[in-house]
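Reading through the structure tokens given below for one structure.
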Amino acid sequence: MKLVGVDVGGTFTDIMYTDTEKRNTWINKVPTTLEDPSIGVVQGISELCTQQNIEKANINHVFHGTTIATNAILEYDGAKTGMITTKGFRDIIHIGRHQRPENYSVMQEIPWQDRPLVQRRFRKEVSERLVPPNGDVLVPLNEEEVRVATRELKEAGVESIIVSFLFSYINPSHENRAKEIIKEEYPDVFVTTSSDVSPQFREFERFTTATINGFVGPKVKNYISNLKGRLKDEGFVSDLHIMCSNGGIGTAESVSERPVNTLLSGPAAGVLGGWWSGGLSDRKKLITFDVGGTSADIGIITEQGIDESTARDTWIAGFPVMVPMIDIHTIGAGGGSIAHIDEGGAFRVGPKSAGSRPGPASYGHGGTKATVTDANVVLGRLDEDNFLGGSMRIFKQEAFKVVSELASQLELSETETAEGILTIVNNNMANAIHEKTIQKGQDPREFSLVAFGGAGPLHAVEVAQILNIPEVIIPQHPGITSATGLLTTDLKYDLIKTEFLLSNEADYEQLNSDFNLLEGQIIDQLQKDGINLSNIEIKRTADCRYIGQGYELRVNLPGNEITPENIKSTWNEFNMLHKSEYGHCFENSPIEIVNIRVTGKGVMPKIQKPLVSKEGSIELALIKKGVSVFRENGELREFETKFYQRELLPANSKIEGPAIIFQKDTTTVMPPNCIGYIEESGNIIIKIGGIQ
């Protein structure tokens, strides 16, 4: 199989090609075409095919990570959206819940009120009402009101319509019928029903999730259509699959209908790439550390797999989202983060970034403020002749100029100021990891830090030292690890049903019936996507809580018929998980199953384990010697530093710090008292001295 993974970032579009039989792997990076990312995607794949003499028609699959949906919601640049909802509930998405982003602040931004995704004048009410527990009809759907509302929204120029009715997660019939009427009256509009996107209780979160889907939907659908067209015009006949936030890929058609599932498309692929890279070194407990120009993304992987977000802490741009997502913590810390003195006189770094234009001063595009990248240049950690494989020049004098200007304000030397910038940003990133490990009951000293992204390997060792993490893993291609992750995953669908079932009053016949229904739907979809039954894997989980609690924990359920005997393992798992999460459990208290979930995975071809040649020597990989600055025993010192070319390092060799390793997609910094081991799998394992 010949596979291509493409990840679009804010500055660069990363492409990785692999032949699973010949085990050939090649990479390419091209500038992202912000006006239409599909142009850069097709250009980058075509360039790689030309460079490596790859027949375009022979490529079987293209896997793509996109930020179209993410940027639309972050930049508040989506479709003109309307809503049709149950009479009396037009303001659900404005009122929200009693919780606020900052519970004790009287001066705060409330995103769903400050920048509503649906303006109030475009929210229409219709007569209908379903009631729990079975979704019985109390008030029939007034179809004429739906038609009138649709015509009004059409006349207003609305591009997308959301249908969100009360209790549709129990009985979707009213929403489905309303959708049919809307398509009759307005065939070209993008329609979202809340029961299709997020069929679970909590009306504010369900309504908002559906609204996000409608807000980003037209833009994502148009983008996918353009990309498919450009690929076809360039001679590519491969299937196109899109990375989703749950760590799986979806078909272009399914993602076009439910683009809310791609809000963490790129970062999710990065976590998968980090997981795969860590697995090559037989590491089970990993912290993925993806640092780019603007942000740092943190993911946690344990023996149980990748952590997933829960309903209580899944937010995008300040909006709650109830779709399956990998648990990723993002902070504004990256190579472009600007160092500044705040109004109180404190020395800070980020979250504002210089971006790619003008970018850091050392890029030579007119940047006038000191950034993290400029600090690395001043300290000798980035080389003016070996940036992006020599394809991009670094203007060293510009970096010194802006750092010197900041230094004069701080009354510090240039070196102290540059080192201070890195100390601050490294501690900011360490605090983000602290939040996802120590504050969640995990000891970071038991993990390996997998560093990738353009800036991850620059900072990883010093971040690990702050947290006493004993080792850092640098993948073979750190700068395109997200593209690598796209080639390690499978087709994946999640279905959910709200159940509300007590452990001491369980109706096992109904529970099994509901699971069988969901599993049948997923299997049908995967077979429709061309997956053989033998390549389909099904997993059952449930969201559980004790009676009276407001939030749930996710636990596994037996894969076969559920009985009072075999479900005991689920209750035990919940008690243990609750104790791990909160420090206590109530073993004699009834447990409530709130939602049941079925995850279906269709196994896809994947990238094979890479191999690094044992030929060559450390001496041949050494391209220069120079000076770089590190802090040792509390003092800043200049160290004689060896600079290596990554591609020339032979397997089973060893490097002692201080050392700096160049490659096209990143630079790796090894401070003093560290040892790096080059593995046959392509990873560099950096052992950090002084950490037990």
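Quantities reported herein were computed from a predicted structural model and do not represent experimental measurements. Just so you know, these numbers use all the heavy atoms, side chains as well, and skip hydrogens, waters and symmetry mates.
Considering only heavy atoms from C-beta on, M325 comes within 4.5 Å of I316 through its side chain. Residues I170 and L130 are not in side-chain contact: their nearest non-hydrogen atoms beyond the backbone lie 4.5 Å or more apart. Side-chain contact between I161 and K179 is absent, with no heavy atoms from C-beta onward closer than 4.5 Å. With a 4.5 Å cut-off on side-chain heavy atoms, F89 and E203 do not count as touching. Using a 4.5 Å heavy-atom threshold, the side chains of I562 and F515 count as touching. Contact annotation: the side chain of Y493 never approaches that of Q521 to less than 4.5 Å [non-hydrogen atoms, C-beta and beyond]. Counting heavy atoms from C-beta on, the side chains of D494 and R597 never come closer than 4.5 Å. I531 is listed as a side-chain neighbour of M604, based on a closest heavy-atom distance under 4.5 Å.
By the salt bridge (charged side-chain N to carboxylate O under 4.0 Å, His left out) test, R540 pairs with E519, sequence neighbours left out. In this view, A542 and C544, L557, I593 satisfy the side chain to side chain contact (heavy atoms under 4.5 Å, CB included) rule, not counting sequence neighbours.
Considering OG1 of T570 and CD1 of I591, their distance stands at 9.0 Å, rounded to 0.5 Å. Note that the CD1 atom of I93 and the CH2 atom of W112 stand 12.0 Å from one another [nearest 0.5 Å]. Atom CZ of R202 is separated from atom OG1 of T208 by 13.0 Å, given to the nearest 0.5 angstrom. Atom-to-atom distance recorded for L518:CG and T599:OG1 is 10.5 Å, nearest 0.5 angstrom. Note that CD1 of I301 is 13.5 Å distant from CH2 of W276, once rounded to the nearest 0.5 Å. Summarising the geometry, atom CD1 belonging to I522 is positioned 12.5 Å from atom NZ belonging to K601; distances are rounded to the nearest 0.5 Å.
When only modelled atom types and interatomic distance are considered, N595 and T498 share a side-chain donor-acceptor pair under 3.5 Å. Side-chain contact, N261 with S245: no donor N or O sits under 3.5 Å from an acceptor N or O. Side-chain N/O atoms of R554 and T541 include no donor and acceptor closer than 3.5 Å. Between D507 and Q510, the side chains place no donor N or O within less than 3.5 Å of an acceptor N or O (distance only, hydrogens not considered). Donor-acceptor pairing under 3.5 Å is recorded for the side chains of K87 and S127. For the residue pair N171 and S173, a side-chain donor N or O sits within less than 3.5 Å of a side-chain acceptor on the partner. In this structure, a donor-acceptor pair under 3.5 Å is absent between the side chains of N176 and E180.
Here the side chain of S256 pairs a donor or acceptor atom with the backbone of A252 at under 3.5 angstrom. Remark: the backbone N or O of E509 is not paired with any side-chain donor or acceptor of S513 at under 3.5 angstrom. Here the side chain of N60 pairs a donor or acceptor atom with the backbone of K2 at under 3.5 angstrom. Formation of a donor-acceptor pair under 3.5 Å by the E175 side chain with backbone atoms of S195 is found in this model. Put simply, the side chain of T209 gets close to the backbone of M322: a donor and an acceptor are under 3.5 Å apart. Counting only distance, with no hydrogens or angles, the side chain of N213 and the backbone of V260 share a donor-acceptor pair below 3.5 Å. Of the possible donor and acceptor atoms, one in the side chain of T489 sits under 3.5 Å from a partner among the backbone N and O of G247. Judged by distance alone, the side chain of H64 and the main-chain N or O of V6 form a donor-acceptor pair under 3.5 Å. A donor-acceptor pair under 3.5 Å links the side-chain atoms of T32 to the main chain of T13, judged by distance alone. Between the T251 side chain and the S254 main chain, a donor and an acceptor come within less than 3.5 Å of each other.
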| query | Passes side chain to side chain contact (heavy atoms under 4.5 Å, CB included), T66 versus V8? Steps please. | reply | CA-CA 6 Å; T66 174; V8 177; 5.7 Å; no
| Full working for side-chain hydrogen bond (donor to acceptor under 3.5 Å, both in side chains) between S38 and D36 | CA-CA 5 Å; S38 67; D36 183 354; 2.7 Å; yes
| request: Please step through side chain to side chain contact (heavy atoms under 4.5 Å, CB included) for the pair N566 and N560, ending with a clear verdict. | output: CA-CA 9 Å; N566 63 20; N560 51 357; 3.7 Å; yes
| request: Start with the C-alpha distance between I523 and I536, add both sets of side-chain angles, then the distance that settles side chain to side chain contact (heavy atoms under 4.5 Å, CB included), and finish with yes or no. | output: CA-CA 7 Å; I523 291 172; I536 294 176; 4.2 Å; yes
| task | Test I182 against I84 for side chain to side chain contact (heavy atoms under 4.5 Å, CB included), laying out the working first. | result | CA-CA 10 Å; I182 292 169; I84 297 176; 3.9 Å; yes
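For residues 249-266, every residue pair satisfying the salt bridge (Lys or Arg N to Asp or Glu O under 4.0 Å) rule, not counting sequence neighbours, is listed here: D196-R258, K221-E257, K228-E253. Sorted by first and then second residue, the ring pair (Phe, Tyr, Trp, His ring centres under 6.0 Å) pairs with a member in residues 148-196 form an empty list; sequence neighbours excluded. Applying the side chain to side chain donor-acceptor pair (under 3.5 Å) test to pairs two or more places apart or on separate chains, those with a residue in residues 88-98 are D91-R120, D91-R123, R97-E205.
Between H578 and F574, the two ring planes are tilted [angle within 30° to 60°].
The minimum heavy-atom distance between M243 and G65, with the atom names listed, is CB-CA, 4.0 Å. Residue M83 comes nearest to S164 through the heavy atom pair CE-OG, 4.2 Å, listed as atom of the first residue, atom of the second, then distance. Shown here for I496 and D543, the closest heavy-atom pair between the two residues is CD1-OD2, 4.4 Å. Of all non-hydrogen atoms in N504 and P590, the two that sit nearest each other are ND2-CG, 3.7 Å. P564 and Y508 get closest at one heavy-atom pair: CG-CE1, 3.6 Å. Here the shortest heavy-atom pairing between A178 and L141 reads N-CD2, 4.1 Å.
Around the CD atom of E155, the shell of radius 6.0 Å holds no more than 12 heavy atoms that belong to other residues, nucleotides or ligands. Residue-environment remark: NZ (K183) exceeds the threshold of 12 foreign heavy atoms within 6.0 Å.
Using a 4.0 Å cut-off between charged nitrogen and carboxylate oxygen, E184 and R177 count as a salt-bridge pair. Between E185 and K154 no salt bridge is recorded (no basic side-chain N to carboxylate O distance below 4.0 Å). Salt bridge annotation for K80-E159: absent, with no cationic side-chain nitrogen under 4.0 angstrom from a carboxylate oxygen.
Aromatic rings from F500 and F201 are positioned such that their centres are separated by under 6.0 Å.
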Please list every donor-acceptor pair under 3.5 Å in which a side-chain atom of residues 71-79 meets a protein atom from a residue at least two apart or in another chain.
{"residue": "N71", "atom": "ND2", "partner": "T67", "partner atom": "O", "Å": "3.3"}
{"residue": "N71", "atom": "ND2", "partner": "T67", "partner atom": "OG1", "Å": "3.2"}
{"residue": "Y76", "atom": "OH", "partner": "P116", "partner atom": "O", "Å": "2.4"}
{"residue": "D77", "atom": "OD2", "partner": "K219", "partner atom": "NZ", "Å": "2.8"}

